[in-house]
Amino acid sequence: GQQVMQIPQYQHVQEGEDFTTYCNSSTTLSNIQWYKQRPGGHPVFLIQLVKSGEVKKQKRLTFQFGEAKKNSSLHITATQTTDVGTYFCAGLGTDSWGKFQFGAGTQVVVTP
Amino acid sequence: KAGVTQTPRYLIKTRGQQVTLSCSPISGHRSVSWYQQTPGQGLQFLFEYFSETQRNKGNFPGRFSGRQFSNSRSEMNVSTLELGDSALYLCASSLADPKGEGYTFGSGTRLTVV
């Protein structure tokens, strides 16, 4: 079955630095979504990517969908303490309907 | 608009007991999904209900069950609780097709089994 893997599992970042977290699927995806969960909170929808090679930006966050639609990345520039949390990707397989498969998440810790 | 409401927020149960968790989705959302979250395990999919029918199911034992009512509210039941069932249980609602706006999660019910 479809598996979605995220790397790294943990990311320690110095405030002001950039970092990237990756999401890889064992099968081709039709859609991929990204969520952020703050410590003690619940996941919040950030963005959805649909097209091959698609790139979307939200302020300091850049999301990319791979050309083969089997991987995605989230790049954060000039990390701030507000970026602390766990970032999840969720992929929808081309043969799935209504069920997104969540990755295990990347937990981000920011050091001032 | 009101968010996804989960009740109760916290529960402490004894091993062997059963528990029922409730989720009220956003108005207009007909799909309700349930997830179990434990430290380091991410979001483990339990099941999804749409129009009172279970549309998708994860790989959890039969002790975990759910249902959805005609007003889209959903309940999740866990029977014969085990210590390993201690987790944050999250409910997420969406339009019939979550490809549109993604899932909206509730604040969760934190279940502790002692």
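Chain naming here is simple, since letters A, B, ... match the order of the sequence lines and numbering starts at 1 in each. Just so we're clear, the structure is a prediction, and the values are computed from it rather than from any experiment.
- For chain B, no part of A:Q107 is nearby; none of its heavy atoms comes within less than 4.5 Å.
- Heavy atoms of A:Q6 lying under 4.5 Å from chain B are absent altogether.
- Under a hydrophobic clustering in which Ile, Leu, Val, Met, Phe, Trp and Tyr are joined whenever their side-chain heavy atoms come within less than 4.5 Å, directly or via other members, B:W34 and B:F60 fall into the same cluster.
- Hydrophobic clustering (ILVMFWY, side-chain heavy atoms < 4.5 Å, transitive): A:V44 and A:L49 are in distinct clusters.
- In summary, the aromatic rings of A:F100 and B:F45 are positioned with their centroids too far apart to meet the 6.0 Å limit.
- When all heavy atoms of A:F88 and B:Q37 are compared, the closest pair comes out as CZ-NE2, 3.5 Å.
- Residues B:Y103 and A:F45 place their aromatic rings such that the two centres sit no closer than 6.0 Å.
- In B:N71, the CG atom is crowded: over 12 heavy atoms of neighbouring residues, nucleotides or ligands sit closer than 6.0 Å.
- The distance from the CD atom of A:Q37 to the CG atom of B:L43 is 6.5 Å, given to the nearest 0.5 Å.
- No more than 12 heavy atoms of other residues, nucleotides or ligands lie within 6.0 Å of CZ in B:R15, so this atom counts as exposed by the packing criterion.
- Within a 6.0 Å sphere centred on NZ of A:K57, heavy atoms belonging to other residues, nucleotides or ligands number 12 at most.
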